[in-house]
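Notes follow once the structure below has been shown.
Here is the naming used below: chain letters follow the sequence lines, and residue numbers restart at 1 for every chain.
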Amino acid sequence: MTAKIRTRFAPSPTGYLHVGGARTALFNWLFARHHQGVFVLRIEDTDQARSTDKSTKAILDAMAWLGLTWDEGPFFQAQRVGLHREMVQKLLAEKKAYYCTCTTEELEEKRKKALATGEKPKYDGTCRDKNLSKTQNSVVRFRGDLTGTTVVKDLIKGNITFNNEELDDLIIERGDGYPTYNFAVVIDDALMNITHVIRGDDHVNNTPRQILLYQALGFAVPQFAHVPMILGSDKARLSKRHGATSVMAYKDMGFLPEALVNYLVRLGWSAGDQEIFSLPELIDLFSLEAVGKSPAIFNPDKLMWLNAHYIKEAKTDRLAEELRSFWPATAKSADAEFTKKVIADLQPRSKTLIEMASFADFYFADTINYENEAGQKFLTPDIAEYLSAVAAEIPQIEDFSKAGLEVFLRDFTEKRNIKFKVIAQPLRIALTGKTVSAGIDEVMFTLGKERVVKRTIAAISYIEKKK
RNA sequence: GGUCCCAUCGUCUAGUGGUUAGGACGCUGGCCUCUCACGCCGGAAACCGGGGUUCAAGCCCCCGUGGGACUACCA
C-alpha cells in the first residue's frame with residue numbers, strides 16, 4: 001500500500017493569480033482528486049517586501065472562482081520561519097551549512113567580473129571554509145557537494161542529470177533571518193508530506209539543489225513533475241502585453257470558470273481527440289503521463305470558443321445569476337421569467353457574458369432607438385399597413401408561444417400573399433431597433449404581447465412622422 | 001557566457017518503427033435561413049535541417065539550427 005498522494009499549490013502573494021499559476025494549481029488539484037489524495041494550499045510569503053494580504057485574498061478568490069478547492073491550508077510560509085530556522089541550525093551544527101559575510105556588493109562585482117571573463121558566475125566559496133560565526137548581516141549558505149551528480153527523476157521530462165559542480169552554495173537564510181525560497185520550499189514540502197511536487201518548469205534548475213537539501217536534512221525526496229510554461233503569441237513568457245493574464249480579469253470579461261478550466265487543462269495535456277471535458281471527466285482522465293513536454297502558446301480565440309460553448313450549455317437560471325453584474329441598469333428590476341427568456345434568446349449567439357448583456361439592452365428598454373440607418377431604411381411607408389395589422393392581430397393570438405407565433409407569422413404572410421422577407425427586417429427593427437437579433441418569433445415570444453404591440457405602434461408613428 | 005529543457009498545420013494537440021499524418025481553434029467554400037449566430041457538409045494548412053540505426057523513421061541515436069527557462073539575501 002503506497003502512501004496517500006499529497007500535492008500542493010504554493011503561489012507567492014505578490015500579485016493576482018495568473019493563468020499559468022492557475023494551470024499549475026489545476027494540475028495539482030486534478031492529480032490529487034484523481035488519486036483521492038490531498039491538495040494543500042500554501043502561500044509563500046517569505047518575501048516580506050513584496051508580499052501583500054491583498055494579493056493573498058485575490059489568489060484565494062480566483063481559486064474559489066475556478067472551483068479549485070483545497071483540503072488543507074492556506075498555510076503561510078512566513079508563519080513557519082521558526083521551523084525553517086531550526087533546520088538551518090541543524091545544518092549548521094552538522095557543518096552542512098556555514099555563515100557567510102560576503103556583501104551583496106562584493107558578490108555583484110564578482111558576478112560581473114566572472115561574466116565578463118566568461119567564467120561561471122557562481123558563488124566562489126570565499127567563506128566556505130572560514131568557519132565564521134554569526135554577525136550582523138551574515139547569511140547562511142548550504143555547503144553543497146563539489147563532485148558527483150544529482151539526478152532529477154521528473155515524471156514529465158524524464159531523468160535530468162546535473163553535475164554538482166555546477167551548483168553553487170546557495171543562501172538558505174538571509175541577512176534578515178528569513179529563509180530563502182529554495183530552502184523554505186524544501187522544509188515545507190517535506191514537513192507537509194508532499195508526495196508530488198507539480199510546478200512550472202522554470203523550477204527545474206532549482207530542483208537538484210533542493211534534492212541535495214532534502215538529503216542533507218534526511219527527508220524523503222518527493223516526486224517531481226515540471227510542466228512546461230505558457231507563452232504569449234510571440235513565444236515569450238506570457239505577460240500583460242499579450243493581453244489579460246489575470247484569472248479574475250477573465251471573470252470580469254464575462255468568461256465562465258469552466259471555460260477557462262477546460263481551456264487551461266488542454267494546454268499541455270490531452271486525452272485523445274477530446275476537447276470538451278466536465279470536471280468529473282477531468283478528474284477521471286487526468287494523468288501526468290499525458291502531459292506534454294513542450295511549452296504552449298496561449299490562444300484567446302480557442303478560449304472564446306469554449307466560453308461560447310459553455311454559455312450555450314449553461315442553464316438559464318445559472319446564467320441569470322452570473323449575469324447579475326453585467327446587465328444594463330434597466331434589466332435589474334425586470335422580472336425573473338422575462339430575464340430567463342431573454343437569456344435563452346441570446347445564449348446561442350453570445351461568446352461572453354458581456355456580449356450577452358450588451359446585446360440584451362433592447363429587451364429591457366422602454367423605447368426603442370433604431371440603430372444607424374435601420375429605421376430610415378426598413379421602416380418605410382409601404383409597410384406601415386402590415387405593422388398596423390400585426391398590432392391589431394397580436395392581441396387576438398391564443399397560442400402566444402414560439403410555435404404559435406411561427407404559425408401566426410406564416411398565416412399572416414400567406415393571407416397577404418407576401419414573402420416573409422418583406423416584413424422580417426421591418427418587424428425586427430421595430431421590436432429590437434437592430435438589424436441583427438434572434439428569430440422574429442423568438443423575440444416576440446420573449447417580449448410578450450404587450451411589448452410587441454407597443455413597439456409595433458411606436459414604429460408606425462415613427463413612419464408617420466417621417467412623411 | 002554557463003547549465004538545463006523543448007521542437008507535428010498559424011495555434012492547441014493525436015501519433016510510441018509500416019498511417020491517404022487524425023482532431024480542435026482560427027481561416028475559407030457551401031447548405032440551412034427572417035437577420036446574426038448555432039448546426040451540418042467540404043477545403044487550404046504541419047512532421048525545423050543534416051547525418052546515422054533499420055527492409056522501413058514524425059516516432060530511436062548523434063550533430064546542427066531555432067525557441068525557452070535558470071544563472072538573486074524573488075518565488
Side-chain angles (χ1 to χ4, degrees), chain A residues 10-14 44-47 49-51 77 100 102-104 107-108 111 114-122 137-141 152 154 156-158 160-163 165-168 170-182 184-185 199-208 226 228-229 231 233 235-237 263 266-276 290 292-306 308-309 312 346-351 359 409 413 419-429 432 434-441:
Chain A
S12 61
T14 54
E44 311 231 311
D45 55 350
T46 49
D47 184 344
R50 300 198 303 150
S51 299
Q77 196 161 57
C100 169
C102 297
T103 65
T104 316
L107 259 18
E108 188 53 39
R111 189 173 303 118
L115 230 34
T117 57
E119 315 232 341
K120 289 174 204 193
K122 52 176 266 189
N137 285 312
S138 63
V139 301
V140 179
R141 282 184 188 273
V152 178
D154 195 278
I156 292 170
K157 311 225 179 222
I160 307 169
T161 306
F162 292 84
N163 285 321
E165 62 175 327
E166 299 293 340
L167 282 21
D168 54 1
L170 79 167
I171 292 171
I172 56 177
E173 187 174 281
R174 299 187 277 223
D176 65 4
Y178 278 85
T180 54
Y181 164 76
N182 277 301
V185 76
R199 75 223 312 191
D201 73 4
D202 47 337
H203 287 283
V204 293
N205 285 302
N206 287 327
T207 309
H226 288 98
M229 314 241 74
L231 311 177
S233 48
K235 297 191 176 182
R237 196 177 183 143
Y263 177 69
R266 283 285 288 104
L267 238 39
W269 176 86
S270 62
D273 285 341
Q274 193 171 343
E275 294 288 349
I276 306 289
K293 297 176 175 184
S294 48
I297 292 171
F298 192 83
N299 179 198
D301 281 339
K302 189 160 183 185
L303 206 208
M304 192 74 96
W305 171 74
L306 281 162
H309 168 81
K312 273 195 279 284
L346 267 23
Q347 264 181 284
R349 59 203 96 228
S350 303
K351 286 187 157 65
F359 197 79
L409 289 169
T413 52
K419 291 261 191 225
F420 183 54
K421 272 183 190 293
V422 176
I423 58 165
Q425 280 306 73
L427 220 36
R428 189 188 314 284
I429 308 299
T432 71
K434 301 169 194 284
T435 53
V436 168
S437 80
I440 301 292
D441 45 2

>> Measuring only the C1' atom in each nucleotide, how far is rC4(B) from rG23(B)? A whole number of Å is fine.
In response: 33 Å
> With a 4.0 Å cut-off on heavy atoms, is P295(A) in touch with a base, just the backbone sugar-phosphate, or nothing at all?
Replying inline: sugar-phosphate
> CG of L303(A) versus P of rU11(B): gap in Å, rounded?
Replying inline: 18 Å
> A438(A) near the nucleic acid: base, sugar-phosphate alone, or nothing, with a heavy-atom cut-off under 4.0 Å?
Replying inline: base
> Which residue lies toward the 5' end of RNA chain B, K302(A) or I297(A), if each is placed at its nearest nucleotide?
Replying inline: I297(A)
>> Under 3.5 Å for both donor-acceptor distances, Watson-Crick or wobble: does rG66(B) have a partner, and if so which one?
In response: rC6(B)
> To the nearest Å, how far apart are H226(A) NE2 and rC5(B) P?
Replying inline: 12 Å
> If you look at every strand shown and take non-hydrogen atoms under 4.0 Å, does T46(A) touch a base, only sugar-phosphate, or nothing?
Replying inline: sugar-phosphate
> What distance, rounded to whole Å, do you find between the two C1' atoms, one in rC9(B) and one in rU3(B)?
Replying inline: 33 Å
>> Closest approach to the side chain of A296(A), judged atom by atom: which nucleotide of rU35(B), rC12(B), rA75(B) is it?
In response: rC12(B)
>> Without decimals, in angstroms, what is the distance between D201(A) CG and rU3(B) C1'?
In response: 14 Å
>> So, OP1 or OP2 of rC70(B): does either fall under 4.0 Å of a side-chain N or O from R237(A)?
In response: yes
> Would you say the side-chain atoms of D154(A) pair up with the backbone N or O of H226(A), donor to acceptor, closer than 3.5 Å?
Replying inline: yes
> For the pair made of CD in E275(A) and C1' in rG22(B), what is the distance, rounded to whole Å?
Replying inline: 12 Å
>> Taking any heavy-atom pair under 4.0 Å as a contact, classify G268(A): base, sugar-phosphate, or nothing.
In response: sugar-phosphate
Please enumerate all protein N or O atoms sitting under 3.5 Å from an N or O of nucleotides 19-21 of chain B, with distances to 0.1 Å.
none

> F298(A) vs Y263(A) aromatic rings, parallel, tilted or perpendicular, using cut-offs 30° and 60°?
Replying inline: perpendicular
> Measuring from N299(A):CG to M304(A):CE, what's the distance to the nearest 0.5 Å?
Replying inline: 10.5 Å
>> Other residues, nucleotides and ligands only: do more than 12 of their heavy atoms fall within 6.0 Å of NZ on K312(A)?
In response: yes
> Start at the 5' end of RNA chain B and walk down; is the nucleotide closest to I156(A) or to W305(A) reached first?
Replying inline: I156(A)
> Quick one: which of I172(A), T207(A), L170(A), I171(A) gives a side chain to side chain contact (heavy atoms under 4.5 Å, CB included) with N182(A)?
Replying inline: L170(A)
> When you compare rC59(B) with rC32(B), how far apart are their P atoms, in angstrom units rounded to a whole number?
Replying inline: 46 Å
>> Once you apply a heavy-atom cut-off of 4.0 Å, does T435(A) come out as touching a base, just sugar-phosphate, or nothing?
In response: base
> Which heavy atom of A424(A) sits nearest a heavy atom of I440(A), and at what distance?
Replying inline: O-CD1, 3.4 Å
> Checking all strands, does C102(A) fall into the base, sugar-phosphate, or nothing category for heavy-atom contacts under 4.0 angstrom?
Replying inline: base
>> Determine whether a donor-acceptor pair (one donor, one acceptor, N or O, separation below 3.5 Å) exists between the side chain of N137(A) and the base of rC73(B).
In response: no
>> Rounding to an integer number of angstrom, what distance separates rG52(B) and rG58(B) when you compare their P atoms?
In response: 15 Å
>> Would the distance check show the side chain of R266(A) and the main-chain N or O of A271(A) forming a donor-acceptor pair, the cut-off being under 3.5 Å?
In response: no
> Does any N or O in the side chain of E44(A) come within less than 3.5 Å of the main-chain N or O of Q77(A), such that one atom is a donor and the other an acceptor?
Replying inline: no
> Does S294(A) have a side-chain nitrogen or oxygen under 4.0 Å from the phosphate oxygens OP1 or OP2 of rC5(B)?
Replying inline: no
>> Of the listed nucleotides (rC6(B), rU3(B), rC73(B)), which one gets closest to any side-chain atom of E166(A)?
In response: rU3(B)
> Any side-chain heavy atom of D202(A) within less than 4.5 Å of one from R237(A)?
Replying inline: yes
> Can you tell which of rU3(B), rC4(B), rA75(B) lies closest to the side chain of N182(A)?
Replying inline: rA75(B)
>> Measuring from the side chain of P121(A) (C-beta onward, heavy atoms only), which nucleotide among rG26(B), rU71(B), rC4(B) has the closest atom?
In response: rU71(B)
>> Counting the atoms with a prime plus P, OP1 and OP2 as sugar-phosphate, which does D441(A) contact under 4.0 Å by heavy atoms, base, sugar-phosphate, or nothing?
In response: base
> Under 3.5 Å, side chain of D176(A) to main-chain N/O of Y178(A), donor-acceptor pair present?
Replying inline: yes
>> Please name the nucleotide paired to rC47(B) by Watson-Crick or G-U wobble geometry with both distances under 3.5 Å, or report none.
In response: none
>> Any non-hydrogen side-chain atom of S51(A) less than 4.5 Å from a side-chain atom of P13(A)?
In response: yes
> How close or far is atom C1' of rG15(B) from atom CH2 of W269(A), stated in whole angstroms?
Replying inline: 16 Å
>> From the set rC34(B), rC4(B), rA69(B), return the single nucleotide nearest to any side-chain atom of F162(A).
In response: rC4(B)
>> Any strand counts, and the cut-off is 3.5 Å on both contacts for Watson-Crick or G-U wobble. Which nucleotide pairs with rA24(B)?
In response: rU11(B)
>> Using atom C1' in both nucleotides, what's the gap between rA21(B) and rC62(B) to the nearest angstrom?
In response: 25 Å
> Across all strands, who's sitting opposite rC40(B) as a Watson-Crick or G-U wobble pair, both distances under 3.5 Å?
Replying inline: rG30(B)
>> Base of rC38(B), side chain of R349(A) - is there a donor-acceptor contact under 3.5 Å?
In response: no
>> Taking only side-chain N and O atoms of R266(A), does any of them lie within less than 4.0 angstrom of OP1 or OP2 on rA24(B)?
In response: no
> Heavy atoms under 4.0 Å, any strand shown: does N206(A) hit a base, just sugar-phosphate, or nothing?
Replying inline: base
> Starting at CE of M229(A) and ending at P of rC5(B), how long is that distance when rounded to a whole Å?
Replying inline: 16 Å
> rA14(B) phosphate, OP1 or OP2: any side-chain N/O from S270(A) under 4.0 angstrom?
Replying inline: yes
>> Between rA44(B) and rA57(B), how far apart are the two C1' atoms, rounded to whole Å?
In response: 27 Å
> Rounding to the closest angstrom, what is the interatomic distance between rC63(B) and rC38(B) at atom P?
Replying inline: 50 Å
>> What is the distance, to the nearest angstrom, from the NE2 atom on H203(A) to the C1' atom on rA75(B)?
In response: 6 Å
> OP1 or OP2 of rA37(B) less than 4.0 angstrom from a side-chain nitrogen or oxygen of K312(A), does that happen here?
Replying inline: no
> Within less than 4.0 Å of OP1 or OP2 of rU71(B), is there a side-chain N or O belonging to K122(A)?
Replying inline: no
> Where is the tightest heavy-atom contact between L306(A) and E275(A), given as atom of each residue plus distance?
Replying inline: CD2-O, 4.4 Å
>> Taking the P atom in each of rC31(B) and rG22(B), what is the distance between them to the nearest angstrom?
In response: 27 Å
> Rounded to the Å, how far apart are L107(A) CG and rC73(B) C1'?
Replying inline: 9 Å
> Looking at rC4(B), rC73(B), rG23(B), which one has an atom nearest to any side-chain atom of I171(A)?
Replying inline: rC73(B)
>> Side chain of I440(A) only, heavy atoms from C-beta on: which candidate in rU71(B), rA37(B), rC34(B) is closest?
In response: rC34(B)
> Choosing from rA75(B), rU35(B), rG67(B), which nucleotide comes nearest the side chain of K235(A)?
Replying inline: rG67(B)
